[in-house]
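Notes follow the structure.
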Amino acid sequence: MKINSNTIIIGKKVILVPYKKKHVEKYWKWMQNEEIREQTASEELTIEEEFENQESWFRDEHKITFIILDKDLLLDNKKDSNGYSNENDIKSMIGDVNIFFNQYEDEGTAELEVMIAESSSRRKGLAREALSIIMGYGIEYLSTITKKYIVKIGESNHASIQMFKSMNFKQIGSVNVFKEILLEFENGENNINLLNLKNNDNYKSLIFKNWE
């Protein structure tokens, strides 16, 4: 996560910010929800363990984590024309999006995860935008180590499966022993064009800022 430890990306509907200590308490409260833990294949942790996780992820060179902020939930902020200041994070944080490089996968394989924990922010296209941003970020800034993206989704999570398939991810094989489906996105020119990552006006209009 060192590469994005001070990076803020402002999109059309969402803002991606690095996972800092200030976010841990709300994140931990999300993970007390059994359904969210099941969907994200996560274990229940104490808040002290979650702080340890945050510190570990922050230093991990093989994992990139952004907290997703919903721009509609941001407080008015006259100091920033884009409606963002670090003070607004907790009110507007709705989930997270991650890239991580697993030593058990083929070299150049980046696994994606996205979670919209706040139910009021689901089905608004926010997960899709967050994924498009972080995939574009990976293709542009991590191109030497990112050759393809994969996702592993529980077979019963039909909404997520359909979303990724609509983003040109292809299912590989059948359901595994963990009752997960593997989907893959090759970073070839055709796929990048289909996803409109580099030529999409929304992507080109992203604002990159430093954490202050």
Side-chain angles (χ1 to χ4, degrees), residues 1-11 13-75 84-105 110-122 124 126-131 133-135 137-138 142 149-154 156-157 159-160 163 178-180 209-212:
M1 189 177 170
K2 290 182 178 179
I3 189 174
N4 76 308
S5 60
N6 289 299
T7 300
I8 297 167
I9 310 175
I10 300 176
K13 298 179 180 178
V14 301
I15 297 175
L16 304 187
V17 301
Y19 185 29
K20 302 280 190 176
K21 284 184 170 60
K22 64 183 293 183
H23 303 123
V24 170
E25 185 174 354
K26 186 170 182 178
Y27 188 93
W28 175 78
K29 287 179 180 178
W30 287 340
M31 303 312 292
Q32 300 311 294
N33 182 299
E34 185 175 356
E35 182 180 359
I36 289 178
R37 290 200 309 274
E38 182 178 343
Q39 290 178 347
T40 58
S42 301
E43 297 179 357
E44 185 174 3
L45 303 177
T46 66
I47 193 165
E48 291 80 12
E49 290 171 327
E50 191 59 56
F51 273 106
E52 291 173 3
N53 258 3
Q54 183 274 330
E55 183 66 24
S56 173
W57 294 353
F58 190 76
R59 298 180 182 277
D60 193 339
E61 295 183 351
H62 303 288
K63 184 178 180 73
I64 295 172
T65 298
F66 283 104
I67 293 293
I68 305 170
L69 309 184
D70 184 341
K71 289 180 78 171
D72 285 345
L73 299 179
L74 286 168
L75 299 171
Y84 174 76
S85 78
N86 295 353
E87 299 172 358
N88 298 342
D89 287 11
I90 307 307
K91 174 182 173 62
S92 58
M93 63 184 283
I94 59 166
D96 71 333
V97 62
N98 309 285
I99 300 175
F100 61 93
F101 300 90
N102 191 323
Q103 62 179 327
Y104 302 109
E105 301 292 349
E111 186 170 348
L112 292 169
E113 290 182 342
V114 64
M115 172 184 73
I116 302 296
E118 296 290 337
S119 58
S120 61
S121 293
R122 294 173 187 161
K124 294 183 177 180
L126 305 184
R128 186 186 183 96
E129 181 179 343
L131 283 165
I133 291 172
I134 203 171
M135 289 173 70
Y137 180 84
L142 305 169
Y149 290 110
I150 64 169
V151 289
K152 299 171 184 176
I153 307 172
S156 63
N157 194 344
S160 289
M163 178 185 69
F178 303 107
K179 297 184 178 181
E180 294 175 327
K209 296 182 63 176
N210 289 326
W211 179 274
E212 297 174 356

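Contact annotation: the side chain of Glu44 approaches that of Gln32 to within less than 4.5 Å [non-hydrogen atoms, C-beta and beyond]. Inter-residue side-chain proximity for Glu43 and Arg37 is flagged as unmet; no heavy-atom pair is nearer than 4.5 Å. A heavy-atom distance below 4.5 Å is not found between the side chains of Lys26 and Asp89. Proximity of Met31 to Ile36: side-chain heavy atoms (C-beta onward) are separated by under 4.5 Å at one or more points. For the pair Val14/Val97, no side-chain contact is recorded, criterion being any heavy-atom separation below 4.5 Å from C-beta on. Two residues are said to be in side-chain contact when any heavy atoms from C-beta on lie closer than 4.5 Å; Ser121 and Leu73 meet this criterion. In this structure, Met135 and Leu112 have side chains that are in contact, with non-hydrogen atoms separated by less than 4.5 Å. Put simply, the side chain of Val114 reaches to within 4.5 Å of the side chain of Ile68, judged on heavy atoms.
With Arg59 contributing its side chain and Gln54 its backbone, the two residues share no donor-acceptor pair below 3.5 Å. Between the side chain of Lys20 and the backbone N or O of Ser5, at least one donor-acceptor pair lies under 3.5 Å. Within the 3.5 Å criterion, the main-chain N or O of Glu111 finds no donor-acceptor partner in the side chain of Glu105. Judged by distance alone, with hydrogens and angles left aside, the side-chain atoms of Lys152 form no donor-acceptor pair with the main-chain N or O of Phe178 at under 3.5 Å.
Taken from CD1 in Ile64 to CG in Asn98, the straight-line distance is 9.5 Å, to the nearest 0.5 Å. Atom CG of Leu69 is separated from atom CG of Leu16 by 8.0 Å, given to the nearest 0.5 angstrom. The distance from atom OG of Ser119 to atom CD of Glu35, rounded to the nearest 0.5 Å, is 9.5 Å. Note that the OG atom of Ser56 and the CD atom of Glu50 stand 10.5 Å from one another [nearest 0.5 Å]. Between the CD1 atom of Ile94 and the CE atom of Met115 there is a distance of 10.0 Å, given to the nearest 0.5 Å. If you take NZ on Lys29 and CD1 on Ile47, they are separated by 7.5 Å, rounding to the nearest 0.5 Å.
Taking both residues in full, the closest heavy atoms of Leu126 and Lys13 are given as CD2-CB, 3.5 Å, listed atom of the first, atom of the second, then distance. Closest non-hydrogen pair, Ala110 versus Ile99, comes out as CB-CG2, 3.6 Å. In this structure, Ile133 and Gly11 approach most closely via the heavy-atom pair CD1-CA, 4.2 Å. In this structure, Arg122 and Ile116 approach most closely via the heavy-atom pair NE-O, 2.9 Å.
Defined by atom type and a distance below 3.5 Å, a donor-acceptor pair is present between the side-chain atoms of Glu118 and Trp30. In this model, no donor atom of one side chain and acceptor atom of the other lie less than 3.5 Å apart for Asp70 and Ser92.
Every salt bridge (Lys or Arg N to Asp or Glu O under 4.0 Å) that Lys21 has, sequence neighbours left out, goes to Glu55.
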*asked:* Evaluate His23 against Asp96 for side chain to side chain contact (heavy atoms under 4.5 Å, CB included), listing each step before the verdict.
replied: CA-CA 11 Å; His23 303 123; Asp96 71 333; over 6 Å; no
_Using the rule given for side chain to side chain contact (heavy atoms under 4.5 Å, CB included), can you reason through Thr40 versus Glu113, listing the C-alpha separation, both sets of side-chain angles and the distance that settles it, and then say yes or no?_
CA-CA 8 Å; Thr40 58; Glu113 290 182 342; over 6 Å; no
*Under the side chain to side chain contact (heavy atoms under 4.5 Å, CB included) criterion, do Lys22 and Met93 qualify, and how do the steps go?*
CA-CA 11 Å; Lys22 64 183 293 183; Met93 63 184 283; over 6 Å; no
_Stepwise side chain to side chain contact (heavy atoms under 4.5 Å, CB included) check, Asn4 with Tyr137_ = CA-CA 10 Å; Asn4 76 308; Tyr137 180 84; 3.6 Å; yes
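Only one option out of Phe58, Trp28, Tyr27 pairs with Tyr19 in a ring-ring contact (aromatic ring centres under 6.0 Å, His included); it is Tyr27.
Residue-environment remark: CD (Glu49) exceeds the threshold of 12 foreign heavy atoms within 6.0 Å.
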